[in-house]
Amino acid sequence: MLIGRACRLAGRISCCTAKPLAFFSSSSSNMAKSKFEYVRNFETDDSCLRNCYIVVRLDGRNFHKFADQHKFTKPNDNRALGLMTQSARCVMSELEDIVIAYGQSDEFSFVFKRSSTLFKRRASKLMTHVVSQFSSSYVFYWKEFFGEQTLLFPPSFDGRVVLYPSNRNLRDYLSWRQADCHINNLYNTVFWTLVQKGRLTTTQAEDRLKRDETVTKRLKLPNEEEKDVPVTRSRRRVQDHHCDIIADQFWQEHPDILEDDGS
Ligand code: GTP
Ligand code: MG
């Protein structure tokens, strides 16, 4: 067979052809093997541990830019979400051992059943099939969701494989992704409302939503002296404490709770 291949040479792309290789030797088992056959031994075994759920998660590359250039609505673009879902549906119908898929933003997780023997559980096979089927579907169905809006360049997705040994672990994984979705959505919704309806600049909105703010508090020291100290106040973080709030120590350690009333 003649193989045509694009070779990148000194910044130019040219085409070269390779002749069929014909260096074969016969072994006693009557199998024809080339002298190059040994390179196969460099391949590593990447089959996934048995009895584990196999999760393949893909994520759009540089979708911040992709979303901007394709004018995705903020914070959520229903066309983009629909296209992601349709592409995931396509992956699931091609790879029958996937039992559930969960997606948000530019990512999707696919869970293969624990007992799956698809592609001999080889991580690279599973991951690349998921990612390539998803990517080609994303392009294939683009028009169905974006109509006349042109796809400006080919999108790409990375992929990873993670194994979860128990039902609890798998549920916690999915919960983790969904909690991430809620946190991001909450932030993005408030952020874009401040910008679009509150007329703040993106920097002002970012500042408003910062996790910590530093304020100066006047503290009375045990020797009756007063001192201004910078205090970092947590705006969004909620912390648990199990301690004595009758004695002074707690209040001295948390001077940001009570406002100064001169007492
Ligand atoms: P890498 O994944 O590291 O390559 O970077 P990324 O730019 O893809 O960022 P990341 O995967 O962390 O986040 C996805 C990004 O896609 C978001 O930050 C948004 O900018 C964009 N995005 C995803 N969905 C939407 C959407 O519905 N609307 C808009 N406007 N943007 C979206
Ligand atoms: Mg991404």
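Side chains are part of it too, since the values below use all heavy atoms of this structure and drop only hydrogens, waters and symmetry mates. Fair warning: this is a prediction, and the values are worked out from it, not measured in the lab. When a residue number appears, it is its place in the shown sequence, counting from 1.
Here the closest non-hydrogen pair linking Val131 and Gly159 is CG2-CA, 3.9 Å.
Side chains of Phe112 and Cys48 form no contact here, defined as non-hydrogen atoms less than 4.5 Å apart. Considering only heavy atoms from C-beta on, Leu95 comes within 4.5 Å of Phe119 through its side chain. Under the 4.5 Å side-chain criterion, counting only non-hydrogen atoms from C-beta, Phe153 is in contact with His70. Residues Phe63 and Pro155 form a side-chain contact, since some pair of their non-hydrogen atoms from C-beta on lies under 4.5 Å apart. When side chains are defined from C-beta on, Asn167 counts as touching Arg114, because their heavy atoms get closer than 4.5 Å. Side-chain contact check for Gln249 versus Asp244: every heavy-atom pair is 4.5 Å or farther apart. Contact annotation: the side chain of Cys181 approaches that of Tyr102 to within less than 4.5 Å [non-hydrogen atoms, C-beta and beyond]. Side-chain contact between Gln149 and Lys143 is absent, with no heavy-atom pair separated by less than 4.5 Å.
Pairs passing the salt bridge (charged side-chain N to carboxylate O under 4.0 Å, His left out) check and including a residue from residues 152-171, sequence neighbours excluded, read Arg168-Asp172.
With sequence neighbours excluded, the residues satisfying side chain to side chain contact (heavy atoms under 4.5 Å, CB included) with Glu206 are Tyr187, Phe191. With sequence neighbours excluded, the residues that form a ring-ring contact (aromatic ring centres under 6.0 Å, His included) with Trp176 are Tyr173.
Between Asp45 and Arg121 there is no salt bridge, since no side-chain N of the basic residue sits under 4.0 Å from a carboxylate O of the acidic one.
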Verdict with reasoning, Asp68 to Lys65, per salt bridge (charged side-chain N to carboxylate O under 4.0 Å, His left out): CA-CA 5 Å; Asp68 269 358; Lys65 178 179 143 207; over 6 Å; no
task: Please test Leu170 against Val111 for side chain to side chain contact (heavy atoms under 4.5 Å, CB included), starting from the C-alpha separation and ending with a verdict.
output: CA-CA 9 Å; Leu170 179 70; Val111 182; 3.8 Å; yes
Q. For Gln86 and Ser137, what are the C-alpha separation, side-chain angles and deciding distance, and is it a side chain to side chain contact (heavy atoms under 4.5 Å, CB included)?
A. CA-CA 8 Å; Gln86 173 60 24; Ser137 303; over 6 Å; no
Residues Phe157, Phe108; criterion ring pair (Phe, Tyr, Trp, His ring centres under 6.0 Å); working and verdict: CA-CA 10 Å; Phe157 296 85; Phe108 239 102; 9.8 Å; no
Exercise. Apply side chain to side chain contact (heavy atoms under 4.5 Å, CB included) to the pair Ile54 and Asp97, showing each step before the final yes or no.
Key: CA-CA 10 Å; Ile54 303 169; Asp97 278 359; over 6 Å; no
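Around CD1 of Ile245, the count of heavy atoms belonging to other residues, nucleotides or ligands within 6.0 Å does not exceed 12. Counting non-hydrogen atoms of other residues, nucleotides and ligands closer than 6.0 Å to CZ of Phe250 gives a total above 12.
One distance of note links OG of Ser105 with CG of Asp59; it measures 7.5 Å at 0.5 Å rounding. To the nearest 0.5 Å, the span separating CG on Leu186 from CG on Asn188 amounts to 9.5 Å. From Leu151, atom CG reaches atom CG of Leu83 across 9.0 Å, with rounding to the nearest 0.5 Å. Taking OH from Tyr138 and CG from Asp106, the interatomic distance works out to 8.5 Å, rounded to the nearest 0.5 Å. Taking CZ from Phe134 and CD from Glu94, the interatomic distance works out to 14.0 Å, rounded to the nearest 0.5 Å.
Looking only at distances, a side-chain donor or acceptor of Asp46 sits under 3.5 Å from a matching main-chain atom of Ser124. Gln204 places a side-chain N or O within 3.5 Å of a backbone atom of Thr201 that can act as its donor or acceptor partner. Here the side chain of Thr117 pairs no donor or acceptor atom with the backbone of Lys120 at under 3.5 angstrom.
Under the 4.5 Å side-chain heavy-atom criterion for ILVMFWY residues, a single connected hydrophobic cluster contains both Trp142 and Val139.
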